[in-house]
Each structure stands twice: as C-alpha cells, then as structure tokens.
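Scroll down for the structure; my scribbles are underneath it.
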Amino acid sequence: PEIVKTFESIEKGSGKQLEQFMAEAKSNYDIAIKDLVYRPGESPLELITLETAKKVNQFFSNIKKDVRKRFKNMKLVQILEFPVLFLGAKPSDTPSFYNFMNFADFGLGTWHPKNGMYSVILAMETLAKELGVKIETNANVQKIEVSAGKATGLLVNNKIVIADVILSGADYHHSETLLDKKYRQYSEVYWENKTFAPSSLLFYVGFDKKIENVEHHSLFFDVDFDIHAEAIYDNPKWPEEPLFYASFPSKTDENSAPKGNEAGIFLIPLAPGLEDTNELRELYFEKIITRLEQLTNQSVKNNIIFKESFCVKDFVKEYNSYKGNAYGMANTLLQTAFLRPKLKSKKVQNLYFTGQLTVPGPGVPPSLISGKLVADLIKKYQ
Ligand SMILES: Cc1cc2nc3c(=O)[nH]c(=O)nc-3n(C[C@H](O)[C@H](O)[C@H](O)COP(=O)(O)OP(=O)(O)OC[C@H]3O[C@@H](n4cnc5c(N)ncnc54)[C@H](O)[C@@H]3O)c2cc1C
C-alpha cells in the first residue's frame with residue numbers, strides 16, 4: 001500500500017494501475033514459479049497448459065509496451081522496467097509474461113541472508129556433506145574424456161577421474177570446449193548469435209564512516225536508462241553515463257562491516273566481451289563515486305579504506321564464462337524453455353549440463369531449480 005501511495009503522489013491514477021499490473025504479475029509468478037520453471041525444456045509441449053493458453057498473448061507483447069501503456073512518468077516507468085534487465089535483455093525484448101520479476105520485487109520484497117550470500121553456500125555445503133557428497137576444490141576440469149559416445153571420466157589437475165555420469169555446472173559454452181569437437185552440440189556461430197546477459201563492472205569498497213542518504217539497496221537512475229541499455233544490447237560499448245546499483249549491506253547486517261564503517265558494493269551492467277582495462281575501471285569508479293557524492297550530498301572519496309574491482313576479464317578468468325557474461329544467457333522469447341541449450345547432451349549419452357545457460361535461465365533460484373531438473377533427468381535416463 002505504501003508503494004501504491006508513492007506512485008499515486010507522483011502520477012495521478014498510477015496507484016490503481018500499479019495494483020492491476022501487480023495482480024497480473026502475481027498471477028504470472030504463480031504460473032511460472034510453481035509450475036513452468038520445473039519443466040525440463042525437452043519439448044515445446046511442456047509450455048502448453050490451461051493457464052499458459054489463456055496468456056499466450058503475453059509471450060508476444062513486451063514489458064516496455066505494457067509498462068508504458070499504464071504509466072507516463074519516466075521515474076515510475078524506469079522503476080518497473082529495471083528488474084527485467086536482470087533476465088538479460090532489454091524490456092522491449094522481454095516477453096510481458098516476465099513481469100513476475102516485478103511481483104518478486106514489489107510483492108514479495110527483498111531478503112538478505114545474515115552474513116550475506118556466502119552463508120547460503122555454506123548451508124548448501126553442510127547439507128551436501130550430510131548427504132555424503134565429497135567436495136573437491138581447486139580442481140580445474142581440463143577435459144571431458146569420451147569413448148564411443150559415452151563419457152568415461154574427467155581430466156582434473158592432470159589426473160584422470162573415472163565417472164559413470166558427468167554433470168557440468170560450469171558455463172555451458174566452456175563445458176563443451178572441454179570435449180573433442182565431434183562431441184560438441186553447439187557451434188561457435190550458435191553462441192555468437194545468442195543474446196547473452198550483461199557482464200558487470202563491480203567494486204567492493206570499505207568506508208571508514210557511515211554513508212548517509214542511501215539504503216541497503218540503492219539504484220542510481222539519474223541518467224537515461226534507454227541509452228545505457230542500448231550500449232549493452234544494441235551497440236555494445238562502455239556506456240557514457242552509466243546507471244548503477246549500490247548495495248550497502250552494513251545498513252541492515254551488522255556483520256558486514258566493523259561498527260561505524262560501511263561496506264559498499266557497486267555494480268554497472270555492461271555488454272559482455274567489452275575491453276576491460278584498469279584505466280577504464282578507474283575512470284568509471286570516479287564517475288559513479290562523484291555522482292554518489294553529488295546526489296547524496298556528502299563527500300566519501302577520502303573515506304575509502306579498501307577497494308577491489310571485478311570485471312569482464314575476471315569473469316573469464318575465475319568462471320570461464322563466455323565473453324565474461326555475469327549471468328548467463330538472456331530469457332528472450334527465442335531463448336526460453338525448450339529453445340535454450342539442453343540439460344542432456346544429444347551427442348554424449350551420459351553427459352549433462354546445468355546452470356544459468358540452460359533451463360530455466362539466469363539467476364540464483366533458476367540455477368538451483370536447474371539442478372533439480374537435471375537430477376530428475378539423470379534418474380530418468382541413467
Ligand atoms: C554481480 C552479480 C549479481 C547478481 N545478482 C543476482 C541477484 O540479485 N539475484 C539472482 O538471482 N541472481 C543474481 N546473479 C546471477 C547469479 O549469481 C547466477 O545466475 C548464478 O550464480 C549462476 O549459477 P550457476 O550455477 O549457473 O553458475 P556459477 O555459480 O557460475 O557456477 C559455476 C562454477 O563452475 C566453476 N567452473 C568453471 N569452469 C570450471 C572448470 N573447468 N573446472 C571446474 N570448475 C569450473 C566456476 O568456477 C563456478 O564456481 C548475479 C550475478 C552477478 C555476477
């Protein structure tokens with residue numbers, strides 16, 4: 001109700017519009033999250049259900065059209081168009097159906113695991129160990145060994161590990177490069193023609209004081225969203241005036257910075273595959289930190305006691321991610337469900353893939369669901 005009130009105060013009639021928009025978004029959320037994401041993308045028929053049949057037009061319209069039909073004020077438009085950027089495509093290329101992202105943001109709200117995302121990983125590790133999983137780290141897979149169409153093992157740190165079934169959760173493109181060419185399903189041209197989710201320039205910054213006038217999550221929307229989106233998707237280049245997201249977890253989680261200090265994470269979405277140099281990173285840090293100072297009315301540059309950056313080159317080096325993408329392959333209409341790279345290899349009988357480049361798509365929850373889907377397929381076929 002508070003968001004509805006705020007909308008109404010900015011544009012008359014927009015409160016009611018928001019309620020209608022969210023009702024629609026909730027209904028899509030229920031269909032998508034409770035049902036569709038749990039389908040393994042083996043066949044187009046999986047998508048045809050009583051519910052989706054009623055909503056078929058929503059796969060052929062897009063978020064931009066829908067939002068702008070209801071709202072005129074550009075601030076409101078941007079707030080509603082922004083969440084889908086994380087699905088990896090422009091609002092004009094994202095089917096209306098995906099407005100469930102708005103419901104996730106506005107309806108369900110935002111949740112923060114105590115001590116940050118890494119505590120989720122630690123919890124998963126504990127669960128896996130309880131179930132008897134043996135985890136090996138610092139184990140770079142160099143090759144997937146195949147004999148007569150059947151995977152036999154992995155080359156890891158120059159040693160062969162024998163396997164009955166192989167499941168790769170690494171970047172799909174990279175995983176296929178670990179195979180001899182004849183066993184790869186998708187060509188370089190195939191990947192080249194796909195729309196990838198953005199990469200990012202990230203800064204992890206420690207301040208020796210509290211930062212004022214910001215929230216745990218702050219989006220800096222003071223420049224044109226469309227121009228930045230064009231620089232990501234249409235004409236890949238460094239955006240002149242970037243939008244950026246800033247997170248100050250120490251606003252709500254006291255464990256994320258010493259008392260009286262603040263932890264800040266800054267993210268600029270970028271096209272994958274861009275040139276990435278220290279000079280460019282610094283130039284962009286200067287741009288955003290100056291804007292932060294101006295817009296929040298304080299000086300912070302002299303209070304930085306720690307700073308690290310992460311960008312395209314690091315995504316390639318640390319994750320082997322295709323062109324340094326940060327969250328996989330976009331969910332455009334032609335890259336949805338059965339049209340995405342498959343969970344089960346068509347060329348190697350006991351080889352499977354999971355994660356953000358396959359079904360259902362980018363993001364932590366979809367990647368986890370992808371793991372469940374592939375586990376079911378392995379049970380079905382092996
Ligand atoms: C800055 C940023 C912000 C994000 N924010 C959100 C958000 O708010 N909400 C959300 O839902 N999602 C968010 N995401 C996206 C989300 O993190 C990803 O979609 C998700 O983690 C992908 O999971 P995955 O299992 O497919 O891949 P990953 O988590 O990348 O796992 C793949 C693993 O494979 C390893 N690997 C690669 N090659 C090899 C090899 N040869 N041998 C051995 N191991 C290898 C990698 O090191 C990596 O550990 C964000 C991503 C980024 C980068």
Side-chain angles (χ1 to χ4, degrees), residues 32-33 37 82-88 98 100-101 104-105 108-113 116-118 120-121 124-125 128 135-145 153-159 161 163 166-179 196-204 216-219 244-247 249 264-270 272 308-331 340-341 343 352-375:
I33 301 301
V37 292
F82 189 77
V84 300
L85 198 77
F86 292 103
L87 292 170
Y98 285 103
F100 62 74
M101 289 291 283
D105 268 11
L108 299 177
T110 308
W111 299 81
H112 175 79
M117 278 305 284
Y118 197 63
V120 177
I121 292 164
M124 285 172 66
E125 183 193 18
I135 298 174
E136 285 202 27
T137 53
N138 294 322
N140 189 39
V141 175
Q142 297 152 282
K143 189 154 198 279
I144 302 172
E145 304 284 345
L154 297 172
L155 182 66
V156 186
N157 292 339
N158 299 323
K159 279 198 212 111
V161 179
I166 291 174
L167 166 60
S168 173
D171 180 279
Y172 204 122
H173 168 268
H174 166 71
S175 302
E176 284 225 319
T177 63
L178 301 175
L179 290 161
F196 269 78
S199 184
S200 308
L201 169 58
L202 290 145
F203 294 100
Y204 300 87
H216 181 141
H217 297 289
S218 302
L219 293 163
F244 65 100
Y245 159 68
S247 169
I265 298 147
F266 299 85
L267 182 156
I268 304 175
L270 289 180
E308 240 178 54
S309 62
F310 199 93
C311 195
V312 177
K313 271 197 215 155
D314 302 296
F315 281 106
V316 174
K317 185 166 159 272
E318 299 289 325
Y319 296 108
N320 289 314
S321 86
Y322 182 70
K323 290 190 178 176
N325 78 78
Y327 18 94
M329 223 172 85
N331 268 355
R340 296 180 71 78
L343 291 164
Y352 297 81
F353 303 86
T354 188
Q356 58 184 354
L357 271 75
T358 173
V359 283
V364 172
S367 296
L368 291 173
I369 292 167
S370 183
K372 177 178 173 357
L373 295 176
V374 80

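Start at 1 and go down the list; that is how both ligands and their atoms are numbered.
When the heavy-atom distances from atom 35 (C) of ligand 1 to Gly328, Gly169, Gly371, Ala170 are ranked, the shortest goes to Ala170.
Between Val37 and Pro366 there is no side-chain heavy-atom pair separated by less than 4.5 Å. Counting heavy atoms from C-beta outward, Leu202 and Phe315 have side chains that approach closer than 4.5 Å. Annotation: side chain of Val316 is not in contact with side chain of Lys313 (no heavy-atom distance under 4.5 Å). In this structure, the side chains of Pro360 and Leu373 come closer than 4.5 Å at one or more pairs of heavy atoms. Residues Val161 and Glu136 have side chains not in contact (no heavy-atom distance under 4.5 Å, counting atoms from C-beta outward). Residues His216 and Thr110 fail the side-chain proximity criterion, which asks for heavy atoms closer than 4.5 Å. Taking 4.5 Å as the limit, some side-chain heavy atom of Arg340 sits within range of a side-chain heavy atom of Asn331.
Atom 18 (C) of ligand 1 has as its closest protein heavy atom Gln356 OE1, 3.2 Å. From the protein, the heavy atom lying nearest to atom 39 (C) of ligand 1 is Asn320 ND2, 3.6 Å. With respect to atom 24 (P) of ligand 1, the closest heavy atom belonging to the protein is Ser367 OG, 4.0 Å. Counting protein heavy atoms only, atom 47 (O) of ligand 1 is closest to Glu318 O, 3.3 Å. Nearest to atom 30 (O) of ligand 1 among the protein's heavy atoms is Tyr319 CD2, 3.9 Å. Among all protein heavy atoms, the one lying closest to atom 11 (O) of ligand 1 is Val364 N, 2.8 Å. With respect to atom 52 (C) of ligand 1, the closest heavy atom belonging to the protein is Tyr327 CD2, 3.8 Å. For atom 40 (C) of ligand 1, the closest heavy atom belonging to the protein is Asn140 OD1, 3.4 Å.
Which parts of ligand 1 touch Ala326 is read off a 4.0 Å heavy-atom cut-off, strictly below it: atoms 51 (C), 53 (C). For ligand 1, the atoms sitting less than 4.0 Å from at least one non-hydrogen atom of Leu202 are 1 (C), numbered in the order shown with element in parentheses. Atoms of ligand 1 lying under 4.0 Å from any heavy atom of Gly355, numbered from 1 in the order shown and given with element: 26 (O).
Considering both main-chain and side-chain atoms, Phe315 never comes within under 3.5 Å of ligand 1 through any nitrogen or oxygen pair. Residue Ser200 has no nitrogen or oxygen atom sitting less than 3.5 Å from a nitrogen or oxygen atom of ligand 1, judged on distance alone. Checking only distances, Pro365 never comes within under 3.5 Å of ligand 1, N or O to N or O. Any N or O atom pair closer than 3.5 Å counts here, and His174 shares at least one such pair with ligand 1. Checked against a 3.5 angstrom limit, the closest N/O atoms of Leu267 and ligand 1 fall outside it.
Heavy atoms of Ser370 come nearer than 4.0 angstrom to ligand 1 in no pair at all. Put simply, no part of Gln142 is less than 4.0 Å from ligand 1, judged by heavy atoms.
When distances from atom 7 (C) of ligand 1 to the protein are checked, no heavy atom turns up under 4.0 Å. For atom 26 (O) of ligand 1, a protein non-hydrogen atom is found at a distance below 4.0 Å.
A distance-only check finds no donor-acceptor pair linking the side chain of Asn325 to the backbone of Asp171 [under 3.5 Å]. Between the Glu145 side chain and the Leu155 main chain, no donor and acceptor come within less than 3.5 Å of each other. A donor-acceptor pair is defined here as one N or O able to donate and one able to accept, closer than 3.5 Å; no such pair exists between the side chain of Ser200 and the backbone of Leu267. A donor-acceptor pair under 3.5 Å is absent between the side-chain atoms of Ser309 and the main chain of Phe203, judged by distance alone.
Under 4.0 angstrom from ligand 1, the non-hydrogen atoms of Ala139 all belong to its backbone. Under 4.0 Å from ligand 1, not a single heavy atom of Leu357 appears.
Screening Phe196, Phe353, Tyr319 for a ring-ring contact (aromatic ring centres under 6.0 Å, His included) with Tyr172, the sole residue that qualifies is Phe353.
Atom OH of Tyr118 sits about 7.0 Å away from atom CD of Glu125, to the nearest 0.5 Å.
Taking the six-membered ring where tryptophan is involved, the planes of Tyr245 and His217 are essentially parallel, since the angle between them stays under 30° and well short of 60°.
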